[in-house]
Amino acid sequence: MNMKNSTKKIKYPDIWYGLLHLETTKRDDEMLGDVEGAYVNLIAKAHNQDEFVALIKEYTIELDFKFIELTDVSSLQDRLGLKKNIANNLLKTAVDLKEYGHVRFGTFHTY
């Protein structure tokens with residue numbers, strides 16, 4: 001058996017993906033404007049899924065938003081393997097995620 005062919009190269013071993021639902025805590029928010037809430041795809045470097053979820057909850061609160069829900073959570077590697085869509089801007093920034101705890105947002109879809 002050729003070990004070279006049987007070993008899968010993992011390009012994004014510790015980058016996680018999710019869809020965040022958040023609400024603003026005040027109108028005329030500096031980041032989102034006069035909206036009630038938003039959905040946004042995001043990625044972050046974390047050791048595992050639990051750490052990723054905790055990181056996103058903490059980050060959401062630090063930005064003065066109300067964390068509602070984080071869904072569609074998976075490693076970026078798994079998502080790519082299943083050929084699920086990933087926004088190009090997130091995929092491009094995944095290469096630049098060097099430190100654990102870095103969060104990159106996609107486009108905010110507000111309501």
Side-chain angles (χ1 to χ4, degrees):
M1 175 187 249
N2 185 348
M3 289 300 285
K4 194 178 201 180
N5 294 333
S6 67
T7 306
K8 212 182 204 181
K9 184 178 178 187
I10 299 175
K11 191 171 183 179
Y12 305 107
D14 48 5
I15 296 178
W16 290 83
Y17 170 94
L19 174 64
L20 173 64
H21 179 198
L22 57 85
E23 289 181 351
T24 54
T25 56
K26 59 185 179 276
R27 291 297 194 168
D28 294 323
D29 176 76
E30 185 177 310
M31 190 170 166
L32 296 178
D34 188 20
V35 300
E36 185 177 325
Y39 290 90
V40 61
N41 292 305
L42 49 79
I43 59 172
K45 194 166 186 179
H47 291 99
N48 55 49
Q49 183 173 338
D50 291 338
E51 181 181 77
F52 173 70
V53 172
L55 171 69
I56 299 307
K57 284 181 179 180
E58 180 181 319
Y59 203 78
T60 303
I61 292 166
E62 284 178 15
L63 289 173
D64 204 21
F65 295 123
K66 180 180 176 187
F67 177 92
I68 302 299
E69 182 178 34
L70 185 63
T71 59
D72 202 15
V73 175
S74 63
S75 73
L76 190 55
Q77 188 66 38
D78 286 348
R79 192 165 181 83
L80 289 169
L82 294 172
K83 298 184 182 188
K84 290 186 174 182
N85 290 336
I86 300 169
N88 283 337
N89 63 333
L90 285 178
L91 200 50
K92 287 178 185 175
T93 61
V95 176
D96 297 329
L97 284 175
K98 305 262 188 273
E99 295 180 35
Y100 286 86
H102 273 157
V103 178
R104 296 286 194 261
F105 292 102
T107 303
F108 284 84
H109 300 274
T110 60
Y111 60 91

Salt bridge (charged side-chain N to carboxylate O under 4.0 Å, His left out) pairs touching residues 46-60, sequence neighbours excluded, are none
Could you tell me whether Glu30 atom CD has more than 12 heavy atoms of other residues or ligands within 6.0 Å of it? no
Please verify the inter-ring angle class for His21 with Tyr39; under 30° counts as parallel, over 60° as perpendicular, anything in between as tilted. parallel
Provide the closest heavy-atom pair for [X] versus [Y] in the form atom of the first, atom of the second, distance.
X	Y	answer
Ala94	Ile15	O-CD1, 3.3 Å
Tyr17	Ile43	CD1-CG2, 4.1 Å
Gly106	Leu90	N-CD2, 3.7 Å

Is Val103 reachable from Val53 through a run of I, L, V, M, F, W or Y residues, each pair having side-chain heavy atoms under 4.5 Å apart? yes
Answer with yes or no whether the hydrophobic clustering places Val40 together with Trp16; edges join I, L, V, M, F, W, Y residues whose side-chain heavy atoms lie under 4.5 Å apart. yes
Any chance you could measure [X], atom [atom1], to [Y], atom [atom2], to the nearest 0.5 Å?
X	Y	atom1	atom2	value
Thr93	Asn88	OG1	CG	10.5 Å
Leu76	Leu80	CG	CG	4.5 Å
His109	Asn41	NE2	CG	6.5 Å
Phe65	Tyr59	CZ	OH	10.5 Å
Lys45	His102	NZ	NE2	10.0 Å
Ile61	Ile56	CD1	CD1	11.5 Å

Please identify each residue that fulfils side-chain contact (heavy atoms from CB on, under 4.5 Å) with Asp64, with sequence neighbours left out. Thr25, Lys26
For a 4.5 angstrom cut-off between non-hydrogen side-chain atoms, does Tyr111 reach Glu23? yes
Carefully, step by step, assess Leu22 and Leu32 under the rule side-chain contact (heavy atoms from CB on, under 4.5 Å). CA-CA 11 Å; Leu22 57 85; Leu32 296 178; 3.9 Å; yes
Take Val35 and Phe108 through the test side-chain contact (heavy atoms from CB on, under 4.5 Å) and record every step on the way to the result. CA-CA 11 Å; Val35 300; Phe108 284 84; over 6 Å; no
Under 3.5 Å donor-acceptor, Thr24 side chain and Glu36 backbone: yes
Would you find a donor on one side and an acceptor on the other, under 3.5 Å apart, between the side chain of Arg104 and the backbone of Leu42? no
Could you walk me through whether Phe105 and Leu63 pass the side-chain contact (heavy atoms from CB on, under 4.5 Å) check? CA-CA 13 Å; Phe105 292 102; Leu63 289 173; 4.0 Å; yes
